[in-house]
Amino acid sequence: MDYIGLDIGGTSIKAGLVDPTGQILESQKAPTIIDDLNGFLSNLTELIRNFQKSFKVAAVGIGVPGLRNSKTHVVETSPNIPCLVRVNLEDLVADQVHLPVISENDANAGAYAEFVCGAGAGTRQMVYLTLGTGLGSGLILDGKLFTGASGYAGEFGHTVIDPNGRLCGCGNRGCLETIVSGTGIVRTAAEKGMQGLLTAEIVYEAAVHGDRTAQEVFKETATFLGMACANLIDLLNLEMIVIGGGVMAAGEMLLEPARDAAARHAFRSSFRDCRIVQSKLWPDAGVIGAAMLARDL
Ligand SMILES: [Zn+2]
């Protein structure tokens with residue numbers, strides 16, 4: 001029996017048929033309808049039914065970009081997909097496809113994937129960070145996905161580092177993700193005077209080709225990333241921090257200075273026991289993690 005993992009993004013729903021070891025056997029995609037629940041559900045359940053036509057499916061896992069209440073299983077907050085708010089997606093989907101369904105915050109699902117069959121396999125104390133448009137995170141503590149009292153834990157990207165800082169998508173000011181994320185990189189680049197159409201990728205390419213300002217942008221971003229890692233290391237005495245997400249295409253340009261900053265700011269003994277590494281499963285961590293959560297229901 002295999003499992004279906006779904007990763008709901010702002011523009012598309014990625015779906016994978018995943019075997020019990022975490023290998024993706026087949027993938028599909030459908031557009032995300034963000035403001036009409038019926039349309040959203042119809043696209044999502046069609047993906048599941050397509051797999052059901054050819055495979056025996058045991059359960060479905062769904063990674064949701066938002067806060068899911070672990071007691072009621074209702075999605076409480078989902079800034080990018082408003083039609084999901086106050087919806088019990090698990091019940092709605094289960095009714096239609098007649099399979100067990102579990103949902104989880106998408107970064108938590110990614111963390112679970114890296115823990116079960118990715119870079120963090122074999123660890124028991126691990127944090128997963130995903131640097132994309134925003135900064136997502138998930139915690140594995142004592143060998144389990146830690147979701148807190150109500151299921152909302154792991155919103156490290158929205159910890160405040162500057163009360164007078166940049167406005168964040170969450171409505172607050174100065175969240176870590178306003179600096180350490182793809183949008184953070186673009187904002188830093190613009191503040192430093194880079195002009196024209198800017199994306200994290202464009203800034204990265206400029207840095208690779210010797211643009212001093214772009215290099216400074218990455219150094220500054222990496223320094224904040226490293227300080228954030230030091231905070232996690234000192235707080236949780238981790239074995240590993242796994243970093244994924246589209247921005248990590250920059251690889252060592254971010255990781256090396258981030259490790260240096262983490263070494264400066266964390267207790268030496270705690271830093272020594274923690275490795276900061278790249279994700280192994282990006283860009284499929286969300287799909288695989290959702291499927292593995294369904295496996296371990
Ligand atoms: Zn925020």
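Order of listing sets the numbers, starting from 1, for every ligand and every atom in it. What you are looking at is a predicted structure, and each value in this text was computed from that prediction instead of being measured.
L176 places a side-chain heavy atom less than 4.5 Å from the side chain of L135.
Residues passing the ring pair (Phe, Tyr, Trp, His ring centres under 6.0 Å) test with F51, sequence neighbours excluded: none. In terms of the side-chain contact (heavy atoms from CB on, under 4.5 Å) criterion, residue partners of Q23 (sequence neighbours excluded) are, by chain and number, D19, T21.
Protein-derived N/O/S atoms nearer than 2.8 Å to the Zn ion (ligand 1) total 4, waters excluded.
Note on K219 versus E256: no salt bridge recorded, every NZ/NE/NH1/NH2 to OD/OE distance being 4.0 Å or above.
Side chain of S150 to backbone of Y152: no donor-acceptor contact under 3.5 angstrom is found.
Within the structure, every pair that satisfies the side chain to side chain donor-acceptor pair (under 3.5 Å) test and touches residues 171-183, not counting sequence neighbours, is listed here: S181-T183.
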